[in-house]
Amino acid sequence: MSAPYVDPRSGQKGQSEKMVLGRIRIFRDVKIETPNVALIDDERVPSERAELFIRNGVFLDENKKEIQLDSLELDLYSDLNDIVGSDLNDVEMKLYIVKDSLSMAKNPKLFARKILELRKRVGTDPLIYCSGIGRINEIAPLVYCGVDLFDSLQCTIASRNATLMNPSFMDTKETSFMDTKETDEKLFKENFDGVKNEIEVVKKAIKMGSLRELAEARSLYDSSMNVFLREIDDEYSTIEIFSPVRSSAKLKSLSTYSLTRPEFKRYRKKICELYRKPESANVLLLLPCSAKKPYSFSRSHKLFIRNIRNRGGVHEVIVTSPLALVPRELELFYPCANYDIPVSGHWYEDEKTMIKNCLDEFLKRNGYERAIVHFEDPFFLDVLKSHQIECDITYEGKATSPESLENLIKATSKIHVNGKNRSLEDINSISNFQFGVRIFDESCKIGGKYPYQKVYRHKKQMAMLSPERQMLSLTIDGAVALNEKTSDFDVEIEDFELKGAVCVPGILKASEMIREGDEAVLICNKKIKGIGVATMSGFEMNRAKRGVAIKMRHHL
Amino acid sequence: MSSRKSMKSMNFWRENEVFGKRAFVILLETSGCSWRSCYMCGYNYKRTCEKSDQDLINQIESALLNYKDEDMIKIFTSGSFLDDSEINPTTRKRILDLLPDRDKQITIESRPEFITEKNLKPLKGRNIEVAIGLESSNNTVLKNCVNKGFKVEDFVEASKKISNYGFKRKAYLLLKPPFLSEKEALIDLKNSIDFASRYADTISINPVNIQNGTLVKRLWIERKYRPPWLWSLVDALIYSQKYVGKGKVVVSMPSGAGRERGVHNCFSCDTEIIKKMDKCRIKQNYDDLKDLSCDCIEKWKDSLALEKYVFGNPIYP
């Protein structure tokens with residue numbers, strides 16, 4: 001029988017935490033918690049306390065009792081197509097052992113691609129064990145990419161090379177006058193403790209939703225993991241499936257690695273390819289970002305807003321890295337309200353290029369009569385020029401200086417627009433960004449106090465926008481409106497009574513457009529039965545064998 | 001010992017043999033081995049074009065100009081001396097007649113399928129040693145790890161034929177063919193030594209080295225293969241001492257030893273070990289090797305014990 005999950009925080013039976021690809025899982029009947037590192041149980045390896053052992057290819061628990069796991073050994077280099085080529089949903093395997101991890105790790109580019117491919121093919125249910133892998137700096141990036149189990153071989157190798165592994169710096173050479181054997185054992189113990197500790201750090205990071213940050217930090221001092229992480233980001237179409245569309249965690253963007261983080265890349269892709277501005281906003285106002293999020297809660301942006309005249313006709317767009325452009329109405333959206341970047345006023349050339357390209361794409365789809373640039377170092381002016389948009393530069397000295405703000409008033413005073421429908425247009429722009437369609441018609445009314453906004457039609461609530469949810473949450477009426485326009489968020493379920501959550505076995509077919517955190521419309525016999533939040537991607541819903549897939553919000 | 005580079009311009013060299021004897025080695029460039037499918041063998045890669053009979057004779061004659069009355073002569077063809085497609089029987093006879101001093105030992109190499117009554121008969125009366133690349137006494141290893149193309153039984157049969165003519169028998173054994181871990185390879189070699197001691201007078205241990213154009217090279221590039229540890233060779237030689245004591249000759253003259261592509265340890269102890277091994281070979285007593293030590297012996301022991309945890313992939317470079 002399949003093993004049930006236990007949520008490590010509540011101790012309740014249910015879905016494990018799944019954030020990005022790394023996840024914490026505890027199997028109740030087989031006593032194995034991942035991510036984890038197994039101590040090789042051999043006389044050549046000093047005996048230490050460990051939660052998990054491995055002996056002759058078999059995992060043992062802390063009391064060295066055998067753990068029964070249906071497993072399959074495979075070679076990433078040669079077997080992936082033969083063994084994993086067929087639809088793996090038919091094979092119920094709890095553990096995949098990657099036999100050639102050690103040699104693959106020497107080619108991090110290929111390793112990253114193959115591991116990710118393996119994870120995509122086997123789905124998220126089974127465990128993946130990379131034999132012979134487990135240096136401290138390798139663990140976080142590999143867990144981020146979907147690996148669950150490691151072993152102590154690298155600790156042995158490090159200690160034989162008189163090396164002490166160090167997570168926050170380069171590995172150091174330890175020389176000692178002690179007898180070699182004693183030094184080796186002491187070093188092994190320190191290294192293995194380091195790895196066990198790293199496993200705990202990784203688990204904490206998973207719970208906080210900051211595994212990506214940890215993976216980036218760890219790859220700083222390890223050139224092969226550095227390559228590994230970049231290669232994962234290059235496999236955007238795969239890693240994106242497993243990246244959530246909302247999270248309460250702060251997304252730290254502290255290095256250039258973050259530029260290619262899938263969440264950021266997805267946002268930019270949507271801005272370039274999907275976003276449409278509110279119709280009545282004819283003047284583009286480019287503003288600098290603020291450290292405080294959402295932007296409009298910061299001192300500088302409060303000043304800007306107070307000094308903008310005819311706001312109904314102005315489209316405030318914040319220029320920032322790594323998101324490139326954030327239209328004002330999207331400021332509550334994930335990851336706009338979550339990211340954190342050092343505000344130094346200094347731009348890397350990479351960031352400049354990225355922003356210019358985004359602005360170019362953005363302007364191809366969104367036309368403006370005029371632009372106002374309220375920005376210290378407007379390196380993107382040539383892009384505006386190439387789209388024949390006339391620019392007013394209102395910046396003088398400092399963005400919030402009296403002169404700058406005076407200029408802003410002047411520049412915006414001349415605008416004449418009827419911005420009566422602007423709030424509905426804004427909500428529809430959000431709807432378009434979130435769902436790819438505009439679901440609210442002319443008869444909809446907006447209520448509530450910013451940042452909380454509610455959408456009504458004929459006095460019935462359809463949706464709500466809140467900074468906590470970071471996107472639109474729909475009611476049943478909203479779900480009906482969404483379903484009329486698109487089936488991208490549909491999940492077909494079997495006929496059963498809906499309560500708190502829908503588990504995977506109850507799902508017949510889920511749209512593969514759904515990502516963890518998305519709205520999911522529950523459909524049974526072609527009728528809408530409810531609306532909830534997906535706790536896994538549609539891809540996983542179609543492949544997983546168990547676990548909670550959707551948390552219910554409303555049902556009939 | 002001579003390196004491959006200098007051999008290009010020179011088709012002979014001299015080497016020290018056991019018990020202080022000297023050997024004159026002639027490298028005869030024929031059309032090459034007709035099997036040429038072994039996983040570790042680079043001769044398949046550089047098979048030369050057909051050689052005329054006169055060309056072969058010329059090669060022998062020019063090499064013999066340098067012959068200085070060494071104790072024995074070895075003729076290596078990078079294939080089989082007894083293979084008619086490499087050297088036709090008439091030429092073979094002519095070559096043997098060119099060699100001076102009918103009593104001196106002449107070593108030739110051949111695959112067992114060419115060791116037939118018909119081929120051996122013309123050699124009768126000469127002091128011949130026939131060397132066969134047995135590689136392993138395990139048919140599974142021969143088939144799957146070497147792709148040798150014959151079975152242990154074929155070797156036994158050939159060996160019997162050779163001794164019927166009163167010729168000496170030499171067996172080449174391979175240390176660490178691909179797809180075996182260090183430990184499996186060492187066990188296989190020791191078993192093969194036990195076996196070969198029954199059917200051969202001399203055992204020559206050849207650690208695999210990385211030659212271009214081979215499967216082994218590809219595995220090595222993919223980091224799935226590492227040439228054997230020098231410690232494994234030392235261990236096997238110490239093990240073989242029990243047969244040396246009983247009058248068998250055991251030798252090993254590894255090519256590329258102490259280098260990345262050949263049998264090696266940590267590169268700091270290699271030179272000393274290789275020197276000592278060569279001394280032991282000449283005086284045929286491997287007991288002295290027991291005193292050798294280096295920190296890297298722990299890594300070798302790790303490799304023996306722990307490679308199974310990574311499915312035979314090498315742990316240390």
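Values below: all heavy atoms of this structure, side chains included; hydrogens, waters and symmetry mates excluded. Throughout, protein chains are lettered first and strands after them, A, B, ... in sequence-line order, and every chain is numbered starting at 1.
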Crowding at NZ, B/Lys183 (>12 non-hydrogen neighbours, <6.0 Å): no
Criterion side chain to side chain contact (heavy atoms under 4.5 Å, CB included) on A/Val45 and B/Leu306, from CA distance to verdict: CA-CA 9 Å; A/Val45 179; B/Leu306 303 180; 4.0 Å; yes
Nearest atoms (heavy-atom pairs only) where B/Asn313 meets A/Lys99: ND2-O, 3.2 Å
A/Asn161/B/Lys299 under side-chain hydrogen bond (donor to acceptor under 3.5 Å, both in side chains): CA gap, chis, key distance, verdict: CA-CA 9 Å; A/Asn161 288 326; B/Lys299 291 187 179 178; 2.5 Å; yes
Over 12 foreign heavy atoms within 6.0 Å of NZ, A/Lys106: yes
More than 12 heavy atoms from other groups under 6.0 Å of NZ on B/Lys151: no
Over all atoms of both residues, closest heavy-atom pair of B/Tyr309 and A/Ser131: O-CB, 3.6 Å
Per-residue contact mode, B/Tyr316 against chain A (heavy atom under 4.5 angstrom): side chain
Side-chain donor/acceptor of A/Arg44 to backbone N/O of B/Glu298, under 3.5 Å: yes
Validation row: A/Leu102, B/Arg223 side chains within 4.5 angstrom (heavy atoms): no
Interface residue of largest heavy-atom contact number with chain B, from A/Ile54, A/Ile97, A/Asn107, under 4.5 Å: A/Ile54
Engaged part of A/Ile157 at the chain B interface, taking heavy atoms whose separation is under 4.5 Å: both
Minimum-distance pair of heavy atoms, taken over all atoms of A/Ser103 and B/Glu222: CB-O, 3.2 Å
CD (B/Glu153) with more than 12 external heavy atoms under 6.0 Å: yes
Exceeds 12 heavy-atom contacts within 6.0 angstrom, atom CZ of B/Phe179: yes
Under 4.5 Å from a heavy atom of chain A, the part of B/Lys224 involved: both
